[in-house]
Amino acid sequence: MNIEEKIGYEFKNKDLLDEAMTHTSYANENNVKSNEKLEFLGDSILEFISSEYLYINYPELQEGELTKVRATVVCEDSLYQVAKKHGFQDSIRVGHSERKSNGNEKPAILADSVEALIAAIYFDGGLEPAKKFIIDNLKQAMEEASKNVGVKDFKTVLQEKLQEHGEVHIEYKIIGESGPDHDKIFISEVTVDGKVLATGEGKNKKQAEMEAARKALGE
């Protein structure tokens, strides 16, 4: 199955798809256009469409809550999950040095390629198919984020508690993951000055970190 079949959109102009899947490292080596400018536009389209969707579908949320939900969904980790779901790592073109360090698997590179693809779809077919791609892939994440918007920020609470008597080094680290790419479970560990306090699980890295903080607080 090729990338167009995976995302459910067939490009009329295949060059736009190629550009969206071209990292700067590959573009510099081969003297072709990279996806940087598409990424720039795609970021704005993504923010607009997600804002509109949240505004219409979650009228009970206040402005600050809508902003928090959008920030949770329109982020590197969330877009990385979309890229992995559709196998972007098999289609993204990276240069030799990036290829050696598995650049085609890097979250930042894959997340950027999703934004670039959104802009490519927009140029190729207009706003509606770009909107469909965004909603189809982020609707569930928005639903989950809207449920958690009022939940206490356990990471902030833990930090305040641990730093009551002076600075300490708090670190969150992903120590494991399981499940298929489209339904992964992440395991996070929180340490203070190198001492493990707790571990937590979640459907994304942020949720896993929040759960580790909650457990560390004993809640």
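This structure is a prediction, so every number in the text was calculated from the model and none was measured. Here, residue 1 is the first one in the sequence, and each next residue gets the next number.
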Residue pair [X] / [Y], side-chain heavy-atom distance below 4.5 Å:
X	Y	value
E164	E160	no
V82	F133	yes
K84	E105	yes
S51	L66	no
Y172	E189	no
N35	I92	yes
N104	L110	no

| query | How far apart are the C-alpha atoms of E209 and K206, what are their side-chain angles, what is the distance that settles it, and do they pass the salt bridge (charged side-chain N to carboxylate O under 4.0 Å, His left out) test? | reply | CA-CA 5 Å; E209 290 174 357; K206 283 189 176 180; over 6 Å; no
Between [X] (side chain) and [Y] (backbone), is there a donor-acceptor pair under 3.5 Å?
X	Y	answer
D124	N13	yes
N204	Q207	yes
D43	E39	no
S78	V73	yes
E115	L46	no
H23	S25	yes
E29	Y26	no

Please say whether more than 12 non-hydrogen atoms of neighbouring residues, nucleotides or ligands are located less than 6.0 Å from [atom1] in [X].
X	atom1	answer
K139	NZ	no
K132	NZ	no
E4	CD	yes
K195	NZ	no

Identify the heavy atoms of [X] and [Y] that sit nearest to each other, and give their distance.
X	Y	result
S146	V69	CA-CG2, 3.8 Å
A119	L41	CB-CB, 4.1 Å
I135	M142	CD1-CE, 4.4 Å
V114	A83	CG2-CB, 3.7 Å

| said: Salt bridge or not between K33 and E19? Use side-chain N to carboxylate O under 4.0 Å. | reply: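 Between E19 and K33 there is a salt bridge, with a charged N closer than 4.0 Å to a carboxylate O.
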| field | K203 and E144 ion-paired at < 4.0 Å | value |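 Between E144 and K203 there is no salt bridge, as every charged N stays at least 4.0 Å from the carboxylate O atoms.
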| query | Yes or no on side-chain contact (heavy atoms from CB on, under 4.5 Å) for L61 and L54, after CA distance, side-chain angles and deciding distance? | reply | CA-CA 9 Å; L61 296 183; L54 290 169; 5.6 Å; no
| field | Step-by-step side-chain contact (heavy atoms from CB on, under 4.5 Å) determination, I49 to L127 | value | CA-CA 9 Å; I49 294 300; L127 190 60; 4.1 Å; yes
| Stepwise salt bridge (charged side-chain N to carboxylate O under 4.0 Å, His left out) test for K184 and E177 | CA-CA 7 Å; K184 275 196 179 299; E177 54 183 78; 3.2 Å; yes
| query | Is the Y55 to Y53 ring centre distance short of 6.0 Å? | reply |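 Not close enough - the centres of the two rings lie 6.0 Å or further apart.
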| message | Same cluster or not: V190 versus I174, using hydrophobic residues (I, L, V, M, F, W, Y) connected whenever any side-chain heavy atoms lie under 4.5 Å apart? | response |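 In one cluster with V190: I174, no.
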| With hydrophobic residues grouped by side-chain heavy-atom distances under 4.5 Å, do F40 and I45 end up in a single group? |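 No, F40 does not connect to I45 through the hydrophobic network.
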| So Y9 and F11, would you call those rings parallel, tilted or perpendicular, with 30° and 60° as cut-offs? |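 The rings of Y9 and F11 stand perpendicular, inter-plane angle above 60°.
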| request: Kindly determine whether T24 and E36 satisfy side-chain contact (heavy atoms from CB on, under 4.5 Å), including the steps that lead there. | output: CA-CA 7 Å; T24 313; E36 281 187 322; 3.4 Å; yes
| Have R70 and S50 got a donor and an acceptor in their side chains that come within less than 3.5 Å? |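 No - no donor-acceptor pair under 3.5 Å links their side chains.
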| task | Give the intermediate values and the outcome of side-chain contact (heavy atoms from CB on, under 4.5 Å) for residues F154 and L158. | result | CA-CA 6 Å; F154 293 113; L158 179 63; 6.0 Å; no
